[in-house]
Amino acid sequence: MPVHNTEIAALFNRLADLLELEDANPFRVRAYRNGARTISSLAQNVAELVKAGKDLSELPGIGEALAKKIETIVETGKLPQLEKVGARTPPALSKLMKIEGLGPRRVKTLYKQLGIRSLEDLDRAARSGKIRKLEGFGKKTEEIILHGLERFSGAEERMKLPDAEDIAKSLVAWLKYTQGVKAVTVAGSFRRRKETVGDLDILITARKNSPVMDRFVNYDEVNEVVSRGKTRSTVILRSGLHVDLRVVPQVSYGAALCYFTGSKAHNIAVRKLGVKKGYKINEYGVFRNEKRVAGKTEKDVYKQIGLPYIAAELRENRGEIDAAKKGKLPELVTLEDIRGDLHCHTKATDGRNSLNEMVEIAKARGYEYLAITDHSRHVTVAHGLDRKRLLDEIRQIDKLNEKLDGIVVLKSIELDILEDGSLDLPDGVLKELDLTVCAVHYKFNLPRKKQTERIIRAMDNPYFNILAHPTGRLINQREAYEVDLETIMTAARKRGCFLEVNAQPDRLDLTDSYCKLAKEMGLKVAISTDAHSTGNLDYIRFGIGQARRGWLEADDVLNTRTLDDLKKLLRRD
DNA sequence: GCCGTTTTCGGCCCGACTGTTTTCAGTCG
């Protein structure tokens, strides 16, 4: 099993932590963190790139030194420098820096002065009042540490996007109806449509004397006010979600929106570019010699430094600035581009609504087609369809199609890929379908090679069309199964098969990085909801967000096609 | 440690809030 990208990134991050504790050059520390970020957001397995002899220093933020270190990690599983630094500075200290309110300086002082090297040490010292006596610390800081410890022990989990949406919606409504408030925008990773959010960043433009800050900290759901200033405040809601609110004047709205949308790495890159052109960029605008030259809209900000507008979903410093400079930004796929859904369930298996109800809502959404993909027999808990019941459903759909106008129901199935790579129903019945959506639903723990072969063998079946939720991961619940997705993607491309971007907000599988890789490989994907109810069809929004984060354009997406064009792309002999 | 249509050396984004301070360091985003 090759070394995972996340393991390499973790080693670099840990090294960065320890170097920071040693007062190393902060830019060197940042270089390690940047490298870690590049590695962890890469779809391809770095170990395999190394084996293929690829020059890693071509990757952004990876230079000769880091490239060499990565090679060592791939070969030995270890980063010698980390062990060397670890001998001087206890590696456990990096955990202390995760406590809110504790950074490298304070952790270092705590270690040097009180010998604190673990969470337990920290807790003991704080409780016995030792910390407040240190220079630069005080009673209040001690309380903050104790509080941070308490919070830390709770599950540290990022919130899934739809949950954050629910919370944001009520809060935004509350803030909007405040005297003097003009615009309320949720920015941050929420706006970048990341699959999970760590906190909510809300931007407000308001008249000078608007009481919006008061109203914010007095919101019913606020559990704790972390900080409160004139232009910025932070609270923690009862749900545990942190919310930052920033108030700026109208003339700074665009600059503030850029700043608050991030990502941090994107902002740094943009500001750097600004500096090069003689501008200072902050949340109040773009400045040349103290004079504001742009800032009212995001577009103005980008324009001022010679760039076209960059969509929020792209702002991760993963090549978007370079693409913008060259005029090569993708024209991202939108909700309006989607002409149909290629994965949904009905009451026949584990869906909540009938065939007719599903079709009715799909039609109301303006879809031209809807593929009904109930489970196959192997998924017994969902009462999966056997050959006979599938034939019944096919006949039912044929009958319905005769009556329907403006939408066509596609005959399909979510077909289990069995352990040996065969499909769960015989070809004889599969050939009656318009398309198949195939998936792994059991035996997640096969070795990587076997799992990969299993899926590719399934693709050898001429009736295989789309690989559903290709890695099986459930966000915050279940890791992806071990599989060589890049090899699978290559195989899919060769065979005329497709991969799915499952739009269930629990799945969002493919990830953004793999969407981008698919695009680069020329492999088209289907964005499908896997809806188990009529309401779920709306999940398509989350799939679109993920696809946009993966740089996908309408042309890269199967279900932006008209029905005729779609049929041409699906191999059905 | 990275990086270069000003640079292969000398830079490296920018500001708010808090606490412990009498002008600023530390942390955060």
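The analysis underlying the following values was restricted to heavy atoms, covering all of them including side chains, and did not include hydrogens, waters or symmetry mates.
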>> side chain to side chain contact (heavy atoms under 4.5 Å, CB included), that's the test. Do A:Thr196 and A:Met159 meet it? Break it down for me.
In response: CA-CA 5 Å; A:Thr196 58; A:Met159 188 177 273; over 6 Å; no
On the nucleotide [N], are OP1 or OP2 found under 4.0 Å from the side-chain N or O atoms that [X] carries?
| X | N | value |
| --- | --- | --- |
| A:Lys140 | B:dG19 | yes |
| A:Lys325 | B:dT5 | no |
| A:Thr231 | B:dC17 | yes |
| A:Arg105 | B:dG26 | yes |
| A:Thr141 | B:dT20 | yes |
| A:Tyr279 | B:dC14 | no |
| A:Arg271 | B:dC13 | no |
| A:Lys276 | B:dG11 | no |

Interatomic distance, [X] [atom1] vs [N] [atom2] [rounded to whole Å]:
| X | N | atom1 | atom2 | value |
| --- | --- | --- | --- | --- |
| A:Leu56 | B:dC2 | CG | C1' | 15 Å |
| A:Met97 | B:dG26 | CE | C1' | 13 Å |
| A:Phe216 | B:dA16 | CZ | P | 18 Å |
| A:Ile131 | B:dG26 | CD1 | P | 16 Å |
| A:Glu100 | B:dC17 | CD | P | 17 Å |
| A:Arg292 | B:dG15 | CZ | P | 13 Å |
| A:Arg28 | B:dG11 | CZ | P | 20 Å |
| A:Tyr284 | B:dG29 | OH | C1' | 13 Å |

> Looking at B:dG29, does its base get a donor-acceptor pair with the side chain of A:Asn267 below 3.5 Å?
Replying inline: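 Donor-acceptor pair under 3.5 Å: no.
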Determine the Euclidean distance between corresponding [atom1] atoms of [M] and [N]; express it in Å to zero decimal places.
| N | M | atom1 | answer |
| --- | --- | --- | --- |
| B:dG1 | B:dT6 | P | 28 Å |
| B:dT7 | B:dG15 | P | 27 Å |
| B:dA16 | B:dG10 | P | 32 Å |
| B:dC24 | B:dT20 | C1' | 9 Å |
| B:dT18 | B:dC13 | C1' | 22 Å |
| B:dT8 | B:dC3 | C1' | 9 Å |

Sugar-phosphate, base or nothing in reach of [X], heavy atoms under 4.0 Å:
| X | value |
| --- | --- |
| A:Asn34 | nothing |
| A:Ile268 | base |
| A:Lys272 | sugar-phosphate |
| A:Val275 | sugar-phosphate |
| A:Ile99 | sugar-phosphate |
| A:Lys139 | sugar-phosphate |
| A:Lys69 | sugar-phosphate |
| A:Asp201 | sugar-phosphate |

> Once the angle between the rings of A:Tyr302 and A:Tyr309 is folded into 0 to 90°, is it parallel (under 30°), tilted (30 to 60°) or perpendicular (over 60°)?
Replying inline: perpendicular
> Of the options A:Val181, A:Val212, A:Leu203, which is the one that meets A:Val247 in a side-chain contact (heavy atoms from CB on, under 4.5 Å)?
Replying inline: A:Val212
When you get a sec, tell me which of [options] is the closest nucleotide to the side chain of [X]?
| X | options | value |
| --- | --- | --- |
| A:Asn282 | B:dC12, B:dA16, B:dC14 | B:dC14 |
| A:Ser227 | B:dC13, B:dC2, B:dT18 | B:dT18 |
| A:Arg232 | B:dG29, B:dC2, B:dG26 | B:dG29 |
| A:Gln81 | B:dC13, B:dA16, B:dG1 | B:dG1 |
| A:Tyr32 | B:dG19, B:dG1, B:dC12 | B:dG1 |

> With both distances under 3.5 Å as the test, what is the Watson-Crick or G-U wobble partner of B:dT27?
Replying inline: B:dA16
> Under a 90° cut-off about 0 for the syn range, is B:dT21 syn or anti?
Replying inline: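 For B:dT21, whose glycosidic angle is more than 90° from 0, the conformation is anti.
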> Quick one: CG on A:Leu510 to NE2 on A:His469, what's the gap to the nearest 0.5 Å?
Replying inline: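 Taking CG in A:Leu510 and NE2 in A:His469, the distance rounds to 11.5 Å.
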Should [X] and [Y] count as an ion pair when the cut-off is N to O under 4.0 Å?
| X | Y | result |
| --- | --- | --- |
| A:Arg448 | A:Glu48 | yes |
| A:Arg541 | A:Glu165 | yes |
| A:Asp201 | A:Arg192 | no |

>> With nearest nucleotide decided by heavy atoms, which residue, A:Pro104 or A:Arg228, maps closer to the 5′ end of DNA chain B?
In response: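 Per heavy-atom nearest nucleotide, the more 5' residue is A:Arg228.
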> On DNA chain B, nearest-nucleotide positions of A:Ile62 versus A:Ala269: which is more 5'?
Replying inline: A:Ile62
> How about A:Ser94 and A:Arg14: does a side-chain donor come under 3.5 Å of a side-chain acceptor?
Replying inline: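 Judged by distance alone, the side chains do not pair up.
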